[in-house]
Every structure is written in C-alpha cells, then in structure tokens.
Amino acid sequence: LEHGDRVAFGSRFLEVRSTPGHTNGCLTFVLDDRSMAFTGDALLVRGCGRCDFQQGNAHTLWTSITGQILSLPDGCLLYPGHDYTGRTVTAVAEEGTVVYLDRTAFYPRGVDEITAFRARNGLTRDYYIFVGNRGQARLNYKNGRLFFAALPHLLNADFDVVCVGGETDIDEALRASLPPGMVIQRLALSDDDLACAYGGATALVYPSLYEGFGLPPVEAMATGCPVITTARGSLAEVTGDAALHVEGTSIPEMAQALVRIRDPGLQAHLRQKGVARAALFDWAPMADALAQQLHAVHAETRDGSRDA
C-alpha cells in the first residue's frame, strides 16, 4: 500500500496515509467521512510510538502526526494499534490539546462577578453547563446525547442549559426535544467568562466515555463547580471522589444524577472537594524538578564529572 491509496469495502473505503517515524512503513487508515482513523503505532492515547529503533525518527514522527493525523477534524475518533493500559480510543481534539490549567483564570469567582456574568447573558434561572461536542451529528464522542436525552425525563425541569464550544449552531430538533420552558443557548466565552459560567452553574455535565485527560472537569472543580461525569478513561483518576459519577449509558441514571446534584448538602460537599482536587494538577512542581535536574546536569558537564 502507498500513501493516497484507497482500501474499498462494500460502499465505503479507507484512505491510506503514510505516517513514518516509529518505523518507515507505518500507515494510518482514515475512514472515508473522516469520522475515525486507525493510527497503528504512530499515535497512541496520550503518546506515540518509540523512535529509537527500526528506522525510528522523532522529527519524522512529529511531522507525520501533526500533518497526517491531527489535521483531521477535531471530532475524528482515533483507534491506536494498542495501549498498555487498555485504552482503545481517543480523538483528534484530545490528542491535539496541551493540557494546562490556567490558574489565573480558573479559581472560585466572587458573587458580584458571577451575577454580572449572568446578567450579561440573560441567565435568570439555575442552569447546567455542557462543554464540547453535543452529538448533534453522527459524532458523539463526548456522549452529549445522554445528557440531552435525560432532560425530558425530569419531572421538574425548572432550569436552563448553557453550552460552550462544540457545534456552532444548536439543532432545532434538540431544542424541540427539551421540556417546555427550558432555554438552551451556546456561548462563546473567554477563559474568565467560562470560569464565571462554571461558578454560577448547578453543575458541569460531562458524561464522556473516553478521555485522554479531561480538562473541563478540572477547570470546573477549580472554580468550585460540582461535576457530573463518568469514571471512564482518565476521568476516574482526574476527578477522584470530587465528582458525582454515572456509568454513562443509562438515561434514568443520568436523570437521577441531575436531580441528586441539586441537593444543597451534596453541592457544598462537591464544591469543597473539587477545589482541593483541582489543586493537585499543577505544573509548577514538575517544572521545578525538571529545572533542578537540568541545572545539575549542566553543572556536572561544566566541571567534567559528566560527558557532554
């Protein structure tokens, strides 16, 4: 097979993309509608193939991954050849994102800031916040359909929904499926406004079934926003006991979680636990340790105790 070839099966086909760097012969296969790709050992989940043997070359692999894989749509699902921890799928949006919590933006905001944010955006009722792809098209990699499918099952739907990111327009069929009187809107927000949106929300709803990290739950926890999420992928490790977990496939369970998280006692508990949990995700200690090691190696090289 050569770069640009097509492998046909039935009415569909896979596009062949050459992605050397792990080995010279590595190939990635992209489904015809670019909704998924099979990356072999080039791109793994939060990692890549090794480059120190079998014609491996780090620069070549970087070029392959950025040019042939991460250039696919954000919602394209990526299936690596293997994963040592049992993870099977990720997405372009996950692998192309540098995970970094901006602590200058994401911290508990004051009442005045949150009130002003709500007034600017016409948020007069309680609301849940949903971040990312809503699953309006065929792609549903954030499992948003579960959240929206649960809303009509609530007996007392006296709240609204704020969506951030994801599809530009909210599908009319989605609007029509909501309980009477419920307002859904999509907002394009700066990090400062997003922090206020989290801070004023009843909860972030993030029922993703696979995550390489899961930055929105960390952002939400850092602002004191309760989180409903799954224990799938990295989310169990990221959220620990500071979120309300659902299995991720049951509509009644999701509806129950949406009701349960409005309990004032649980709200206060998750806000406190969330802020403490988010504080664990800090680049500074790792950066300091790395800097110390680099300085030590530099000093040893200069005084001749280590070869350059």
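Keep in mind that what you see is a predicted model, and the values were worked out from it rather than measured. Only this structure's heavy atoms are used, side chains among them; waters, hydrogens and symmetry mates stay out.
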Knowing that exactly one of Val92, Thr19, Thr28, Leu70 qualifies, which makes a side chain to side chain contact (heavy atoms under 4.5 Å, CB included) with Leu43? Leu70
Between Arg232 (side chain only) and Gly248 (backbone N and O only), is there a donor and an acceptor less than 3.5 Å apart? no
For Glu113, check salt bridge (charged side-chain N to carboxylate O under 4.0 Å, His left out) against everything at least two apart and list the hits. Arg109
Would you check if Val16 and Val7 make a side-chain contact, meaning some heavy-atom pair closer than 4.5 Å? yes
Residue pairs passing the side chain to side chain donor-acceptor pair (under 3.5 Å) test where at least one lies in residues 266-277, sequence neighbours excluded: Asp241-Lys273, Gln267-Arg271
Side-chain (Asp32) to main-chain (Phe13) donor-acceptor, under 3.5 angstrom: yes
What do you reckon, is CD of Gln256 surrounded by more than 12 foreign heavy atoms closer than 6.0 Å? no
Could you grab the distance from atom CG of Asp160 to atom CG of Asp126, nearest 0.5 Å is fine? 9.0 Å
Flag side-chain contact, heavy atom, 4.5 Å: Met36 against Val89: no
Using only atom types and a distance under 3.5 Å, with no angle test, would you say the side chain of Glu95 pairs donor to acceptor with the backbone of Thr90? no
I'd like to know whether CG of Leu155 has more than 12 heavy-atom contacts from other residues, nucleotides or ligands below 6.0 angstrom. no
Contacts table for residues 184-191: side-chain donor-acceptor under 3.5 angstrom, sequence neighbours left out:
unit_1: Gln185; atom_1: NE2; unit_2: Asn121; atom_2: O; d: 3.2
unit_1: Arg186; atom_1: NE; unit_2: Gly165; atom_2: O; d: 3.2
unit_1: Arg186; atom_1: NE; unit_2: Glu167; atom_2: O; d: 2.8
unit_1: Ser190; atom_1: OG; unit_2: Asp193; atom_2: N; d: 3.2

Determine which pairs satisfy ring-ring contact (aromatic ring centres under 6.0 Å, His included) with at least one residue from residues 25-49, sequence neighbours left out, and list them in order. Phe38-Tyr79
Heavy atoms from other residues, nucleotides or ligands near CZ of Arg6 exceed 12 (cutoff 6.0 Å): no
Rounded distance (nearest 0.5 Å) linking atom CZ of Phe281 with atom CD of Glu219: 12.5 Å
Salt bridge (charged side-chain N to carboxylate O under 4.0 Å, His left out) pairs, two or more places apart, involving residues 57-69: none
Is Pro226 close to Leu266 at the side-chain level, that is, under 4.5 Å between some pair of heavy atoms? no
Test your reading of the model: is there a side-chain donor-acceptor pair from Asn143 to the backbone of Leu209, 3.5 Å cut-off? no
Mind checking what makes salt bridge (charged side-chain N to carboxylate O under 4.0 Å, His left out) contact with Arg50, not counting sequence neighbours? Asp52
If you look at every heavy atom in Leu151 and Leu178, which pair is closest and at what distance? CD1-CD2, 3.6 Å
Mark yes when over 12 heavy atoms from residues, nucleotides or ligands other than Arg175 sit less than 6.0 Å from its CZ; otherwise mark no. yes
Looking at Tyr206, is its backbone amide N or carbonyl O close enough to the side chain of Thr229 to form a donor-acceptor pair, meaning the two atoms are under 3.5 Å apart? yes
Fit a plane to each ring of Phe159 and Tyr128, take the angle between them on a 0 to 90° scale, and name the class: parallel (under 30°), tilted (30 to 60°) or perpendicular (over 60°). perpendicular
Quick one: does any side-chain atom of Thr230 pair with a main-chain N or O of Ser208 as donor and acceptor, under 3.5 Å? yes
